[in-house]
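First the structure, in the form of structure tokens, and then the observations on it.
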There are 2 protein chains.
Amino acid sequence: MSRALHSFPTLFCAEACDPHELRELRQLGTSVVFPSGKTIFSEDERADSVFGLSDGVARLYKTLADGRRQVVAFPLPGDFLGMPFADRHRFSADAVGETALYRFLRSELMHFVQSSPNIMRRLMEFAAHELDMAQHQLMLLGNGSAEEKVATFLVNWRDRLAHLTNVLQPVPLPMRRQDIADFLGLQLETISRTLAKLEQKNVIRLTPKGVLLNGLDHMSLATGRTAAEV
Amino acid sequence: MSRALHSFPTLFCAEACDPHELRELRQLGTSVVFPSGKTIFSEDERADSVFGLSDGVARLYKTLADGRRQVVAFPLPGDFLGMPFADRHRFSADAVGETALYRFLRSELMHFVQSSPNIMRRLMEFAAHELDMAQHQLMLLGNGSAEEKVATFLVNWRDRLAHLTNVLQPVPLPMRRQDIADFLGLQLETISRTLAKLEQKNVIRLTPKGVLLNGLDHMSLATGRTAAEV
DNA sequence: CGGCTACTTGACATCTATCAACCGGGGTGG
DNA sequence: CCACCCCGGTTGATAGATGTCAAGTAGCCG
């Protein structure tokens with residue numbers, strides 16, 4: 001991996017975590033690297049190990065018997081891959097590009113979590129945040145046109161990345177069209193067409209592995225107008 | 001209210017909760033009743049009070065600026081209305097039919113929760129379960145046809161009710177078509193038509209305020225066939 | 001009994017899925 | 001080093017599902 005593995009495993013502890021506890025947590029985990037596309041764990045599998053993402057991007061998804069797939073999230077460095085409470089994984093996870101993770105034995109991690117009300121509370125807040133994200137996603141899946149869905153996805157993605165580093169132009173888009181489609185409940189052709197339409201409107205510009213966002217922010221999403229139209 | 005308020009506030013404590021702790025929790029809350037349609041709290045409002053549902057049905061929803069609505073859940077007795085950690089409500093809630101709730105001061109409830117690792121853990125598991133529900137819902141919203149969505153909704157609803165009492169025939173359906181539509185990301189006309197179609201297939205039978213489920217179970221949903229077709 | 005609200009049904013428009021062809025870049029093997 | 005192939009992506013034509021607009025029905029409450 002060319003990138004430095006600088007992302008400390010903040011995990012659900014975020015910044016407000018006690019340095020001592022953070023050190024303890026780090027000692028509990030072992031660093032592992034997954035190549036692009038590799039499955040980290042699968043739905044319904046026993047969750048003996050649980051993972052926190054330290055570098056790269058993952059995709060979490062559920063699969064239906066007939067092969068249809070729903071991507072439920074694209075975790076970024078610092079995110080935990082699911083809740084460490086259940087004894088089985090509730091979704092599958094794999095690496096989008098090369099990723100670095102911290103692996104924990106679930107039993108050890110649980111013991112650690114329960115040893116400190118502070119950590120426990122952090123985990124609660126993480127869970128509440130995840131729930132909130134899922135409910136936002138419900139809103140998007142239930143109400144949006146393809147264009148709204150794609151535009152909102154791009155903005156959210158940019159903002160999440162910006163939260164980690166400086167705003168990058170172009171915004172990298174490491175996942176495939178199919179992943180975005182399965183995230184937004186659309187077909188990959190629709191993703192492609194919608195991106196093309198947004199590009200024609202001069203709202204975005206597609207680049208090899210990313211996208212430039214011109215007139216796309218929360219305000220324009222809220223009003224349904226793009227800066228290019230104003 | 002004609003029904004007895006027999007539903008004890010199990011809340012996130014469920015059955016495994018220590019009787020002493022349960023008594024303490026009950027003392028913390030005050031019983032309140034909301035008439036049909038009344039708003040319990042609204043999105044973004046300060047969450048000074050938080051609620052557990054003891055009788056009736058609620059609807060939780062997010063609203064977009066242009067009025068579009070996404071129902072994120074239909075809580076049943078024993079369910080908590082959201083996570084008590086955030087200082088603001090992340091969605092609105094109102095009563096579907098007359099409901100009875102336990103109201104807590106958030107600060108007091110939080111203090112209570114943090115006083116006991118056992119309770120804390122219960123709350124965690126509740127949160128994890130809520131997240132799981134939301135992700136199942138994502139799957140449904142992203143992948144299903146209208147017929148799949150409605151059929152799955154009916155089965156899930158029946159199963160949730162069955163978990164509380166005996167299976168009822170007909171299964172009561174206290175929410176409006178519009179609520180179901182906003183839950184499933186469809187239009188109310190589509191709900192109406194889809195229900196009619198399922199009735200013609202002899203899979204369901206509509207009754208004044210409920211529905212009889214004939215050949216509808218998890219197996220038939222998985223295979224895409226209904227018992228009536230076999 | 002009247003009027004309101006929820007619900008149903010119909011006709012039509014539109015969006016997205018589907019099927020299919022094609023393009024382009026990166027990697028592999030000759 | 002070049003050619004080929006494979007995979008991801010784009011674009012086009014078409015059909016079908018659902019949204020939209022509109023009218024009409026049924027049940028409930030005053």
Side-chain angles (χ1 to χ4, degrees), chain A residues 2 35-37 59 64 66-71 94 96-98 140-151 153-154 170 172-200 204-211 224, chain B residues 2 35-38 57 59 64 66-71 94 96-98 140-151 153-154 170 172-200 204-211 224:
Chain A
S2 56
S36 182
R59 81 184 143 242
L64 238 42
D66 59 7
R68 285 177 297 177
R69 194 179 67 149
Q70 178 67 41
V71 172
D94 39 47
V96 173
E98 199 173 35
L140 193 60
L141 287 192
N143 289 305
S145 65
E147 192 171 324
E148 273 179 276
K149 288 180 181 177
V150 171
F153 167 72
L154 292 176
L173 224 50
M175 69 290 285
R176 303 179 193 154
R177 300 286 186 259
Q178 183 67 61
D179 296 329
I180 302 178
D182 290 345
F183 186 59
L184 297 177
L186 298 169
Q187 296 301 118
L188 84 170
E189 294 96 326
T190 303
I191 301 296
S192 200
R193 273 188 253 273
T194 306
L195 287 172
K197 201 193 297 179
L198 290 173
E199 189 165 29
Q200 281 182 346
I204 67 172
R205 170 140 230 157
L206 293 174
T207 70
K209 287 188 170 307
V211 61
Chain B
S2 56
S36 182
K38 179 98 177 198
V57 179
R59 84 185 139 241
L64 238 41
D66 59 7
R68 284 177 297 177
R69 193 179 67 150
Q70 178 67 42
V71 172
D94 39 47
V96 173
E98 199 172 34
L140 194 59
L141 286 192
N143 289 304
S145 65
E147 193 171 324
E148 272 179 278
K149 289 179 181 177
V150 171
F153 167 73
L154 292 176
L173 223 50
M175 70 291 284
R176 301 180 193 153
R177 299 287 186 260
Q178 183 67 61
D179 296 329
I180 301 177
D182 290 345
F183 185 59
L184 297 177
L186 297 169
Q187 296 302 116
L188 85 170
E189 294 96 325
T190 302
I191 301 295
S192 201
R193 274 188 253 271
T194 306
L195 287 171
K197 200 193 297 179
L198 289 173
E199 188 164 30
Q200 281 181 346
I204 67 171
R205 169 141 228 157
L206 293 173
T207 70
K209 288 189 170 310
V211 61

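Quick note on labels: first sequence line is chain A, next is B, and so on, each numbered from 1.
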Fill in the blank from the handout: B:L206 has its side chain closest, among C:dT8, D:dT11, D:dG19, to C:dT8
Problem - Rounded interatomic separation in angstrom, taking CD1 from A:I180 and C1' from D:dT10 - result: 14 Å
Exercise for the section: Please round to 10 degrees the angle between the axis of the first five pairs and the axis of the last five pairs in the helix from C:dC1-D:dG30 to C:dG30-D:dC1. Expected result: 30°
Exercise for the section: For C:dA6, take OP1 and OP2 only and decide whether either is under 4.0 Å from a side-chain N or O of B:Q178. Expected result: no
Exercise for the section: Starting from P on C:dC7, measure out to CG on B:L198 and report it in whole angstrom. Expected result: 17 Å
Practice task
May I have the distance from A:L188 (atom CG) to C:dT16 (atom C1'), rounded to whole angstrom?
Solution key: 13 Å
Practice task
Answer with base, sugar-phosphate or nothing: what part of the nucleic acid does B:G185 contact at a heavy-atom distance below 4.0 Å?
Solution key: sugar-phosphate
Handout entry: A:Q187 CD to C:dC19 P, straight-line distance once rounded to whole Å
Key = 10 Å
Practice task
Give A:L195 one of three labels, base, sugar-phosphate or nothing, depending on what nucleic acid heavy atoms sit under 4.0 Å from its own.
Solution key: nothing
Handout entry: Side chain of A:A146 - closest among C:dA6, C:dT8, C:dT16
Key = C:dT16
Practice task
Run the salt-bridge test on B:R59 and B:D94 with the 4.0 Å N-O cut-off and return the result as yes or no.
Solution key: yes
Exercise for the section: Starting at atom CD of A:Q200, determine the distance to atom C1' of D:dT11, rounded to an integer number of angstrom. Expected result: 11 Å
Practice task
Measure the distance from CG on B:L173 to C1' on C:dC7 and round it to the nearest whole Å.
Solution key: 13 Å
Problem - 4.5 Å side-chain heavy-atom contact, B:P170 and B:V211 - result: no
Practice task
Run through B:L140, B:L154, B:T194 and flag the one making a side-chain contact (heavy atoms from CB on, under 4.5 Å) with B:K149.
Solution key: B:L140
Exercise for the section: Calculate the interatomic distance between B:K197 atom NZ and C:dG10 atom P; express it in whole Å. Expected result: 14 Å
Practice task
Indicate for each nucleotide in nucleotides 21-27 of chain D, in 5' to 3' sequence, whether protein heavy atoms under 4.0 Å reach the base (B), only the sugar-phosphate (S), or nothing (-).
Solution key: B------
Problem - Under-4.0 Å side-chain N/O to phosphate OP1/OP2 contact, B:T190 with D:dG19 - result: yes
Handout entry: Nearest-0.5 Å distance that lies between atom CG in A:L186 and atom CD in A:Q178
Key = 11.0 Å
Exercise for the section: Give one of base, sugar-phosphate or nothing for B:I191, where a contact means two heavy atoms less than 4.0 Å apart. Expected result: nothing
Practice task
Among C:dA6, C:dT16, C:dT9, find the nucleotide with the atom closest to the side chain of B:S192.
Solution key: C:dT9
Exercise for the section: Respond yes when some side-chain nitrogen or oxygen of A:R177 is under 4.0 Å from OP1 or OP2 of D:dG8, and no when none is. Expected result: no
Practice task
State plainly whether the residues A:R69 and A:D179 are in salt-bridge range, i.e. N to O under 4.0 Å.
Solution key: yes
Practice task
Could you state the atom-to-atom distance from CG of B:D66 to P of D:dT20 in whole Å?
Solution key: 11 Å
Problem - Verdict with reasoning, B:R177 to B:L195, per side chain to side chain contact (heavy atoms under 4.5 Å, CB included) - result: CA-CA 10 Å; B:R177 299 287 186 260; B:L195 287 171; 3.6 Å; yes
Problem - Backbone of A:L206 reached by a side-chain donor or acceptor of A:E199 within 3.5 Å - result: yes
Handout entry: Charged N-O contact under 4.0 Å between B:E147 and B:R193
Key = no
Exercise for the section: Between B:A196 and B:R176, name the one whose nearest nucleotide on DNA chain C is closer to the 5' end. Expected result: B:R176
